[in-house]
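Values below: all heavy atoms of this structure, side chains included; hydrogens, waters and symmetry mates excluded.
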2 protein chains.
Amino acid sequence: MSEPFAVVADPTRRRVLDLLRTRPRTVTELVDALGVSQPTVSKHLRVLREAGVVTVRAEAQRRWYELRPEPLAAIDDWLAPYRWMWADRLDTLGRHLDTMEDDPDA
Amino acid sequence: MSEPFAVVADPTRRRVLDLLRTRPRTVTELVDALGVSQPTVSKHLRVLREAGVVTVRAEAQRRWYELRPEPLAAIDDWLAPYRWMWADRLDTLGRHLDTMEDDPDA
DNA sequence: AGTGAACATGCCGCTTTATGTATATGCGGG
DNA sequence: CCCGCATATACATAAAGCGGCATGTTCACT
């Protein structure tokens with residue numbers, strides 16, 4: 001589970017990350033926003049923490065969870081060789097890639 | 001499992017996709033390259049097929065599996081808002097983020 | 001027709017995962 | 001000092017994922 005791919009495979013964890021993208025949040029905040037039980041949130045946060053995708057800062061009883069997105073770069077890196085393949089959908093968006101092609105009817 | 005995130009969560013399936021990135025392959029080719037049993041490969045291919053990430057072309061007994069990477073764009077789309085966050089790693093490391101802060105001793 | 005190659009599917013077992021309830025811990029306020 | 005809030009962990013459970021083996025199916029070739 002330590003790998004980033006497995007971490008973002010769960011929809012609830014993706015929602016957590018999306019929420020933390022705005023600003024750091026406490027566990028209670030996340031519980032309210034997600035609509036699942038507090039232990040469930042804590043367990044997802046544990047997974048995210050052990051994967052290095054979030055960090056915790058203790059403030060009295062509150063725990064502020066903050067996004068640390070660096071590990072997500074591994075996903076982006078894997079995805080990189082595929083990205084050009086759908087880049088030419090809908091619009092120009094990658095039209096400049098065609099400079100590498102010898103397509104005569106373009 | 002239909003969602004792209006779950007599809008790429010499995011390392012074997014990522015290897016399959018990486019192999020298909022070069023060119024279409026038959027099941028036997030993939031079995032040889034992956035070192036797992038043929039039924040296992042067939043099952044992974046089923047998952048990839050149902051997720052729309054690969055297509056099949058029958059040629060006699062051979063089945064040529066071809067990459068169809070469009071569904072992977074969903075992963076890329078989700079990742080997009082995070083991408084800038086690690087773009088400036090190694091150097092100034094988010095120095096421009098400090099413009100939002102009212103930190104006097106920065 | 002028979003045989004073997006290529007592939008899919010069924011079945012079984014094992015491990016992991018996701019979630020809930022119940023309980024422990026830590027801290028601040030009265 | 002005791003109580004309640006915030007969070008983590010323990011325990012139980014149901015479900016899903018991955019793997020292999022055995023078997024079915026289809027087709028080319030002789």
Side-chain angles (χ1 to χ4, degrees), chain A residues 1-20 23-68 71-72 75 78, chain B residues 1-20 23-68 71-72 75 78:
Chain A
M1 168 64 73
S2 59
E3 51 167 345
F5 288 94
V7 168
V8 302
D10 183 80
T12 303
R13 281 195 290 268
R14 285 201 302 275
R15 293 181 59 197
V16 170
L17 294 178
D18 286 339
L19 286 165
L20 293 182
R23 56 179 171 81
R25 314 249 184 181
T26 66
V27 178
T28 305
E29 273 184 287
L30 294 171
V31 168
D32 294 345
L34 295 172
V36 291
S37 74
Q38 173 266 313
T40 295
V41 173
S42 281
K43 281 174 227 169
H44 281 304
L45 286 170
R46 156 120 96 158
V47 173
L48 294 169
R49 201 189 323 136
E50 290 176 346
V53 188
V54 300
T55 54
V56 208
R57 177 172 54 93
E59 174 190 293
Q61 315 92 333
R62 312 279 177 80
R63 305 292 167 91
W64 290 93
Y65 279 85
E66 184 167 5
L67 181 64
R68 193 184 147 261
L72 299 181
I75 302 176
W78 179 82
Chain B
M1 167 65 72
S2 58
E3 52 167 342
F5 287 95
V7 168
V8 303
D10 183 78
T12 303
R13 281 195 291 268
R14 285 201 302 276
R15 293 181 60 199
V16 170
L17 294 178
D18 287 339
L19 287 165
L20 294 183
R23 56 177 172 83
R25 315 247 185 182
T26 66
V27 178
T28 306
E29 274 185 286
L30 294 171
V31 169
D32 294 344
L34 295 172
V36 290
S37 74
Q38 174 265 314
T40 295
V41 173
S42 281
K43 281 176 228 171
H44 281 304
L45 287 171
R46 157 119 97 157
V47 173
L48 295 169
R49 201 189 324 136
E50 290 176 347
V53 188
V54 300
T55 54
V56 208
R57 177 173 55 94
E59 175 190 293
Q61 314 91 336
R62 312 278 178 82
R63 305 292 167 91
W64 290 94
Y65 278 86
E66 184 167 6
L67 181 65
R68 194 184 148 259
L72 299 180
I75 302 177
W78 180 83

Quiz prompt | Under-4.0 Å side-chain N/O to phosphate OP1/OP2 contact, B:Arg62 with D:dA28 | solution =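 Answer no for this pair, as no side-chain N or O of B:Arg62 is under 4.0 Å from OP1 or OP2.
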Quiz item: OP1 or OP2 of D:dA8 sitting under 4.0 Å from any side-chain N/O of A:Tyr65?
Solution: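 Result: yes.
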In whole angstrom, what separates [X]'s [atom1] from [N]'s [atom2]?
{"X": "B:Leu30", "N": "D:dG19", "atom1": "CG", "atom2": "P", "value": "14 Å"}
{"X": "A:Leu48", "N": "C:dA18", "atom1": "CG", "atom2": "C1'", "value": "14 Å"}
{"X": "B:His44", "N": "D:dG19", "atom1": "NE2", "atom2": "C1'", "value": "8 Å"}
{"X": "A:Arg49", "N": "D:dT7", "atom1": "CZ", "atom2": "P", "value": "12 Å"}
{"X": "A:Arg15", "N": "C:dA18", "atom1": "CZ", "atom2": "P", "value": "15 Å"}
{"X": "A:Phe5", "N": "C:dT16", "atom1": "CZ", "atom2": "P", "value": "21 Å"}
{"X": "B:Leu45", "N": "D:dC18", "atom1": "CG", "atom2": "P", "value": "13 Å"}
{"X": "A:Leu34", "N": "C:dT19", "atom1": "CG", "atom2": "P", "value": "10 Å"}

Practice problem: Could you check which of C:dA8, D:dC18, D:dA8 has an atom nearest any side-chain atom of A:Ser42? | Solution: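 Output: D:dA8.
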Quiz item: If you check the B:Arg46 side chain, which of C:dG10, C:dA8, D:dT7 turns out closest?
Solution: C:dG10
Okay, side chain of [X], backbone of [Y]: is any donor-acceptor separation there less than 3.5 Å?
{"X": "A:Arg13", "Y": "A:Val8", "value": "no"}
{"X": "B:Arg68", "Y": "B:Gly52", "value": "yes"}
{"X": "A:Arg49", "Y": "A:Val56", "value": "no"}

Quiz item: For B:Thr55, which residues count as a side-chain hydrogen bond (donor to acceptor under 3.5 Å, both in side chains) partner, sequence neighbours excluded?
Solution: none
Quiz prompt | Contacts of type side-chain hydrogen bond (donor to acceptor under 3.5 Å, both in side chains), residue A:Arg62, not counting sequence neighbours | solution = none
Quiz item: Tell me, for nucleotides 21-28 of chain C in 5' to 3' order, what letter each nucleotide earns: B for a base near a protein heavy atom under 4.0 Å, S for only sugar-phosphate near one, - for neither?
Solution: BB---BBS
Quiz prompt | Nearest heavy-atom neighbours spanning B:Ala51 and B:Val7 | solution =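 Minimum heavy-atom contact is CB-CG2, 3.5 Å.
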Quiz item: Which heavy-atom pair separates A:Leu45 from A:Val54 by the least distance, and what is that distance?
Solution: O-CG2, 4.1 Å
